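Below, chains carry the letters A, B, ... as their sequence lines are ordered, and counting in each starts from 1. These numbers come from a predicted model, not from an experiment.
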There are 2 protein chains.
Amino acid sequence: MAAARGQRGGDRDVPAAPNAAEVTMPIPPVSDTPMQRARAIPEAAVARLAVYLRVLSGMAEQGIVTLSSEELAAAAGVNSAKLRKDLSYIGSYGTRGVGYEVSVLVDQIERILGLTRSHSVAVVGIGNLGHALANYGGFPSRGFPVAALFDVDPDLVGVPVGGLPVSHIDDIPKVCAEREISIGVIATPPAAAQAVCDRLVAGGVASIVNFAPVVLQVPDHVEVRKVDLAVELQILSFHVARRADSMNVNGSALGNVDGVVIGR
Amino acid sequence: MAAARGQRGGDRDVPAAPNAAEVTMPIPPVSDTPMQRARAIPEAAVARLAVYLRVLSGMAEQGIVTLSSEELAAAAGVNSAKLRKDLSYIGSYGTRGVGYEVSVLVDQIERILGLTRSHSVAVVGIGNLGHALANYGGFPSRGFPVAALFDVDPDLVGVPVGGLPVSHIDDIPKVCAEREISIGVIATPPAAAQAVCDRLVAGGVASIVNFAPVVLQVPDHVEVRKVDLAVELQILSFHVARRADSMNVNGSALGNVDGVVIGR
DNA sequence: AGCCACTTGTGAACGAATGCACAAAGTGGC
DNA sequence: GCCACTTTGTGCATTCGTTCACAAGTGGCT
Ligand SMILES: NC(=O)c1ccc[n+]([C@@H]2O[C@H](COP(=O)([O-])OP(=O)(O)OC[C@H]3O[C@@H](n4cnc5c(N)ncnc54)[C@H](O)[C@@H]3O)[C@@H](O)[C@H]2O)c1
Ligand SMILES: NC(=O)c1ccc[n+]([C@@H]2O[C@H](COP(=O)([O-])OP(=O)(O)OC[C@H]3O[C@@H](n4cnc5c(N)ncnc54)[C@H](O)[C@@H]3O)[C@@H](O)[C@H]2O)c1
């Protein structure tokens, strides 16, 4: 199918500029370009900025005008040094001795995250999860209007869900282009996910959120974020097991091998 | 406890271990952390092991008995060196020149992830999302039986959802103890999440998955994993914006090399 | 003005995760 | 038994991310 990339043994051999996110040279040209925005923000920081934004929105609603990094950090569940460093990636908008103005931070984070314009979302697979997503009010209100729904089931096509009629997946490319969909959300059964993904890509969608528990193969210019609940549960399971292990200290050597294999 | 109100170097409220020596010492605090004996598996590797496990299960169903790190890595969407390193954290179960036996890896990963026993799950907030979760067959089949459902709505209490009757949130502590719930899933509106979380903790639940867009405050021994769709969308938005930016940059240095695509 | 208490922004130390490259260990052919 | 070939497991360099700790600003108070 798509993406023949990656099979070949040495496709990654080329040492040439893999991902030089930030090629900061030891001596940055002192003559800084005025509009030198977007200087590599660490991936992890971007995720946190989104969290700060939400916390700040809540603060704004409560009428809070100014706060310190310490306060915001506590509310966001991170330590204050990290918070300040994160904010420093987007500029210097604080006042020493005082703190930050909520509205300024909100504006700046929105700018950096590209939230000054809205991004239309398409949901594919209107089953249990798809219904929940289509009905969820939290996306439109945050600049992510759900502008298209798709399913393969003829009984669903044409039926309005959350006020929007479901289209057939064969129309994905056409509808996505028409409605300028920029983000596709896949909520189909795993077996259908790759095919759906391919269609979305064919329709010009370059950002995808995938709920189906499969690894999608996509061209390089497409970005996929997976939301995998089973993995989350298993990570928790791991920590539970780890915790239990460290309890019974002595016989820790790979305890039992009781072959109680679950399911499968 | 957190004590240390205040100034001196950041005090953190996060898990803590390294006691920051209060006095500023010219020399770094003597590195004393011998207790960290267990060769810990990197957090990031744990998440990937869960993915490998799923891919391997699929392989097993297809009757594949043996495979190489290269093959598994391709199927899991990672590079093979990383895959081998990840596997090396759990032991040496491969055969040089040959590869890995699928069934062995499945067993070992399940052992490490603590999947040799099942973990009962409780879902709180049986709305759109909660219904989807309660009806989802993917959890029970992977060793995470949904053993309790809770909601505050009197019209819902007693109604079976996915074959299991909904209980009232006031019974969280009691029911969780009775049914030995080990993982709680929060799918309530944001405003109710913290209160629900507190009850789960009171009921002895030490692992929580939170779908509500709020930062939960929990005691140290409780682990929370948040699933935040809005954040995912905003991260995608950020990359879209960034991509657009690098487009309209006049053909300066950035040009080709900047394959800044972080998420791959 | 001068002092002081407070808070930001950031260089630098530290630590975690990734990717490379190759010795070691195995298989199969002869 | 030896050689050619394959693939694992891991030491090492590198890159990415977090935390520390402090100079540099800011505003209030006397
Ligand atoms: N329900 C959950 O709580 C949950 C949790 C985690 C992951 N998931 C994953 O999310 C996905 C959806 O779960 P669900 O519970 O909503 O499943 P579901 O069976 O309720 O819904 C799937 C929907 O996809 C549609 N569909 C099937 N093939 C399709 C195709 N080729 N193109 C478009 N649509 C197609 C079906 O008609 C159906 O409406 C699954 O991959 C599941 O593993 C679900
Ligand atoms: N629906 C989605 O697709 C989606 C996506 C992302 C995040 N979320 C988040 O997930 C959560 C649930 O979303 P939803 O769409 O299912 O909402 P919903 O309104 O459909 O359901 C919420 C349910 O929680 C119950 N509830 C309210 N207060 C409660 C309390 N104190 N204790 C227990 N139950 C209580 C309500 O009775 C209702 O049944 C929300 O926080 C939402 O922001 C939902």
Side-chain angles (χ1 to χ4, degrees), chain A residues 9-24 26 28 39-49 66-73 78-101 104-105, chain B residues 5-31 33 36 39-48 66-73 78-101 104-105 260 262-264:
Chain A
D11 66 338
R12 256 164 249 267
D13 299 347
V14 191
N19 40 346
E22 180 185 15
V23 194
T24 47
R39 36 151 139 170
I41 301 177
E43 182 67 8
V46 174
R48 287 190 299 266
L49 283 171
T66 289
L67 42 55
S68 68
S69 62
E70 204 73 49
E71 293 168 308
L72 180 50
V78 302
N79 96 19
S80 68
K82 193 190 301 193
L83 178 128
R84 287 200 301 278
K85 175 80 71 178
D86 287 345
L87 292 182
S88 79
Y89 293 123
I90 68 175
S92 290
Y93 301 105
T95 305
R96 293 170 191 230
V98 177
Y100 302 89
E101 199 174 327
V104 171
L105 282 191
Chain B
R5 192 24 194 304
Q7 60 283 6
R8 237 319 165 259
D11 68 329
R12 73 199 80 74
D13 45 314
V14 203
N19 249 336
E22 165 124 45
V23 192
T24 30
M25 306 188 73
I27 11 176
V30 181
S31 60
T33 323
Q36 190 78 355
R39 38 57 186 293
I41 300 178
E43 186 65 15
V46 174
R48 286 190 299 266
T66 289
L67 43 55
S68 69
S69 62
E70 204 73 48
E71 294 168 308
L72 180 51
V78 303
N79 99 17
S80 70
K82 193 190 303 194
L83 178 129
R84 287 199 301 276
K85 182 145 298 203
D86 286 345
L87 293 182
S88 79
Y89 293 123
I90 69 175
S92 290
Y93 301 105
T95 306
R96 294 173 192 230
V98 178
Y100 302 90
E101 198 175 326
V104 171
L105 282 191
V260 258
I262 293 181
R264 187 250 183 233

Decide yes or no on side chain to side chain contact (heavy atoms under 4.5 Å, CB included) for A:Arg84 and A:Ser88, but give the supporting numbers first. CA-CA 6 Å; A:Arg84 287 200 301 278; A:Ser88 79; over 6 Å; no
Gap between atoms [atom1] and [atom2], on [X] and [N] respectively (whole Å):
X	N	atom1	atom2	result
A:Asn79	D:dC20	CG	P	6 Å
B:Glu43	C:dA17	CD	C1'	12 Å
B:Leu83	C:dG19	CG	P	12 Å
B:Ile90	D:dG9	CD1	P	10 Å

Take N1-N3 plus N6-O4 or O6-N4 for Watson-Crick, N1-O2 plus O6-N3 for G-U, both under 3.5 Å. Which runs of 3 or more such pairs involve DNA chain D?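 Stem segments, range with range: C:1-30 with D:1-30.
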Quick one: on DNA chain D, does A:Ala44 or A:Ala81 contact a more 5' nucleotide (nearest heavy atom)?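 First, find each residue's nearest nucleotide; the 5'-ward one identifies A:Ala44.
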For [X] and [Y], work out which heavy atoms get closest and say how close.
X	Y	answer
A:Ser69	A:Leu83	CB-CD2, 3.7 Å
B:Arg48	B:Val78	CD-CG1, 4.0 Å
B:Ala73	B:Ser80	CB-CA, 3.6 Å

Would you say [X] places a side-chain N or O within less than 4.0 Å of OP1 or OP2 belonging to [N]?
X	N	result
A:Ser69	C:dT8	yes
B:Arg84	C:dT18	no
A:Tyr100	C:dG9	yes

Regarding C:dG9, can its base be found pairing with the side chain of A:Lys85 as donor and acceptor, where the two atoms are less than 3.5 Å apart?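 Answer no: no donor N or O sits under 3.5 Å from an acceptor.
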State which of [options] makes the closest approach to the side chain of [X].
X	options	result
B:Ser88	C:dA12, D:dT10, D:dG17	D:dT10
A:Tyr89	D:dT18, C:dG19, C:dG9	D:dT18
A:Lys82	D:dT19, D:dG17, D:dG9	D:dT19

I'd like to check the side-chain contact (heavy atoms from CB on, under 4.5 Å) partners of B:Ser68; sequence neighbours left out, ordered by chain and number.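 Checked B:Ser68 against side-chain contact (heavy atoms from CB on, under 4.5 Å); matches are B:Glu70, B:Glu71.
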Let me confirm one number: the CG-OH distance from B:Leu87 to B:Tyr100, rounded to the nearest 0.5 Å.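 B:Leu87 CG to B:Tyr100 OH: 5.0 Å, rounded to 0.5 Å.
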Are B:Leu105 and B:Leu72 packed together at the side-chain level, in the sense that at least one heavy-atom pair is separated by less than 4.5 angstrom?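 Of all side-chain heavy-atom pairs linking B:Leu72 with B:Leu105, at least one is under 4.5 Å.
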Spell out protein contact along nucleotides 24-30 of chain D as letters: B when the base is contacted, S when just the sugar-phosphate is, - when no protein heavy atom is under 4.0 Å; keep the 5' to 3' order. BBSS---
